[in-house]
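Notes follow once the structure below has been shown.
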Amino acid sequence: MRALQWQGVNRLAVGDVPDPELRNPGDAIIKVTRTVTCGSDLHLLGGYIPFMQKGDVLGHEFIGEVVEVGPDVRRHRVGDRVVVSSFIACGSCWYCDQKLYSLCDNGNTNPALTETLWGQAPSGCYGYSHAMGGNAGSHAEYIRVPFADVGAFAIPDEVSDERALFASDSASTGWMGADLGGVQPGDVVAVWGAGAVGQMAARAAVLLGADRVIVIDRLDNRLRQVEKHIGAETLNYEQTDVAGELRERSGGRGPDVCIEAVGMEAHSPGPQFGYDQLKQQLRMQTDRPVAVRDAIHACRKGGSVFVLGVFAGFVDKFPLGALMNKGLTVRGAQMHGQRYIPMLLQRMARGELTTEHLATHVMPLSEAPEGYRIFKEKEDGCVRAVFIP
Ligand SMILES: NC(=O)c1ccc[n+]([C@@H]2O[C@H](COP(=O)([O-])OP(=O)(O)OC[C@H]3O[C@@H](n4cnc5c(N)ncnc54)[C@H](O)[C@@H]3O)[C@@H](O)[C@H]2O)c1
Ligand SMILES: [Zn+2]
Ligand SMILES: [Zn+2]
């Protein structure tokens with residue numbers, strides 16, 4: 001079958017790989033019908049997560065049709081239209097019992113790398129390097145889905161492909177940020193990053209009853225999308241004193257909940273950017289935590305900061321003093337898709353959560369390397385490039 005393969009730092013190509021086969025009784029084989037780029041893939045493409053091997057198939061956000069099921073699969077039949085959580089979970093370990101699916105003990109078949117790096121291994125993800133299980137990704141004609149009863153969900157007829165697709169990863173991630181970040185009715189919520197993840201976090205905060213939701217970025221087309229489709233306010237960090245403006249909009253206190261949806265390749269306008277970038281390139285730090293610093297600084301005393309952006313290792317100038325003295329709660333996580341997808345599909349069916357505007361570019365899988373280039377450069381207003389295998 002045809003698949004998009006990682007061929008080295010900033011090198012992608014569509015090539016032939018063997019068709020996936022059932023390996024365990026709970027597996028299903030899915031014919032991928034839509035799969036989409038994610039900001040997380042850029043970290044792999046740029047070599048910031050150094051556990052890719054030449055030939056690995058990328059992609060973790062997808063929908064498709066069930067074409068084969070193992071003997072233990074009960075909830076799905078051949079022909080079902082399904083959306084699949086980007087993180088893989090067994091559904092029966094201690095962490096899955098706590099609904100912390102991306103921390104599942106059985107979803108990562110290669111836990112040694114992350115155990116060494118972080119003390120314990122999170123679960124596995126599709127197309128997300130050998131640190132996350134080395135699973136083949138979804139930018140391919142077919143994909144093997146382990147624990148299909150736990151990770152795949154039937155898509156209601158009322159929900160379009162373009163909408164359901166984003167339940168797989170960005171919408172679940174965004175919802176998790178607002179939910180575990182503790183958004184309460186009446187809160188002021190600030191979100192850094194107006195990519196698909198930040199937009200979905202902002203929409204979740206709106207739907208959870210936040211009084212004001214403010215999204216921060218510098219890309220005008222994305223900020224316009226936020227105003228039009230998400231129903232949130234915006235701030236351009238290149239034109240505004242963000243911390244001051246956030247205080248203004250929150251009765252002088254600062255936001256109750258700050259959600260960071262930028263990640264390890266954050267940009268910043270000041271001289272600090274060059275400093276952070278140089279240290280990262282010299283491998284003196286693995287990540288550029290610009291937006292995390294800003295969120296901790298802006299957050300009201302006693303507020304909460306949720307880190308959705310992906311980070312790999314160590315950062316420089318982490319404001320531990322502000323965190324401690326301001327009594328902040330800081331959390332982060334990879335997405336617990338299995339916990340949110342059924343609810344998100346219901347909201348999508350009711351029209352409360354729309355995502356079509358995120359799919360700014362749609363193209364055949366054969367054009368995926370160009371799609372990634374446009375997405376990486378944020379060219380032509382690209383928010384997400386969707387591939388049709
Ligand atoms: N936790 C999870 O499970 C999970 C799931 C999906 C994605 N992610 C991560 O979420 C992050 C965002 O993903 P995405 O797909 O929306 O990415 P994206 O690249 O499309 O968007 C990132 C946005 O952040 C903006 N930005 C850069 N520096 C900024 C700054 N200092 N302040 C404010 N905005 C800034 C960029 O202009 C861009 O619009 C990535 O790090 C990705 O890896 C995490
Ligand atoms: Zn993702
Ligand atoms: Zn589990």
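Remember, it's 1-based here, ligands and their atoms both numbered in the order they're listed.
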Exercise. Angle at the Zn ion (ligand 3) between SG of Cys104 and SG of Cys93, to 10°?
Worked result: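 Centred on the Zn ion (ligand 3), the SG/SG angle is 110° (to 10°).
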
For this session: May I ask you to identify, for Asp169, whether its side chain, its backbone, both or neither come under 4.0 Å of ligand 1 on a heavy-atom basis?
Result: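 Contact part for Asp169 vs ligand 1: side chain (C-beta onward).
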
Problem set entry | Numbered atoms of ligand 1 (with element) below 4.0 Å of Gly263, judged on heavy atoms |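 Counting atoms of ligand 1 from 1, those under 4.0 Å from Gly263 are 41 (O).
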
For this session: May I ask you to list the atoms of ligand 1 that are less than 4.0 angstrom from any heavy atom of Phe375?
Result: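 By the 4.0 Å cutoff, the relevant atoms are 20 (O).
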
Taking the side chain as C-beta and beyond, is there a heavy-atom pair between [X] and [Y] under 4.5 Å?
X: Leu323; Y: Phe318; answer: yes
X: Phe306; Y: Leu308; answer: yes
X: Val305; Y: Thr329; answer: no

For this session: Please assess Glu245 against Arg249 for the test salt bridge (charged side-chain N to carboxylate O under 4.0 Å, His left out), listing each intermediate value before the final yes or no.
Result: CA-CA 6 Å; Glu245 191 58 36; Arg249 297 188 193 186; 3.0 Å; yes

Options [options], ranked by nearest heavy atom to [atom], top entry:
atom: atom 40 (C) of ligand 1; options: Val262, Val197, Val215, Thr37; result: Val262
atom: atom 17 (O) of ligand 1; options: Ala261, Gly174, Gly39, Cys125; result: Gly39
atom: atom 15 (O) of ligand 1; options: Arg384, Met176, Lys376; result: Arg384
atom: atom 3 (O) of ligand 1; options: His60, Glu238, Lys378, Met335; result: Met335

Exercise. Given atoms SG of Cys38 and NE2 of His60, what angle do they subtend at the Zn ion (ligand 2), to the nearest 10 degrees?
Worked result: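 That angle is 110°.
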
Exercise. Does Ala333 reach ligand 1, in the sense of a heavy atom lying below 4.0 Å from it?
Worked result: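 The answer is yes, since Ala333 has a heavy atom less than 4.0 Å from ligand 1.
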
Exercise. Can you tell me if Arg222 has a non-hydrogen atom under 4.0 Å from ligand 1?
Worked result: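 In this structure, Arg222 qualifies as a contact of ligand 1 - some heavy atom is under 4.0 Å.
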
Exercise. Among the N, O or S atoms that Asp169 has, which is closest to the Zn ion (ligand 2)?
Worked result: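 So the atom name we want here is OD2.
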
Just checking, any donor-acceptor pair under 3.5 angstrom between side chains of [X] and [Y]?
X: Asp380; Y: His361; answer: yes
X: Glu61; Y: Ser86; answer: no
X: His43; Y: Tyr128; answer: no

Exercise. Pick one: which of Gln199, Arg384, Lys228 meets side chain to side chain donor-acceptor pair (under 3.5 Å) with His357?
Worked result: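 Answer to the side chain to side chain donor-acceptor pair (under 3.5 Å) test with His357 among Gln199, Arg384, Lys228: Gln199.
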
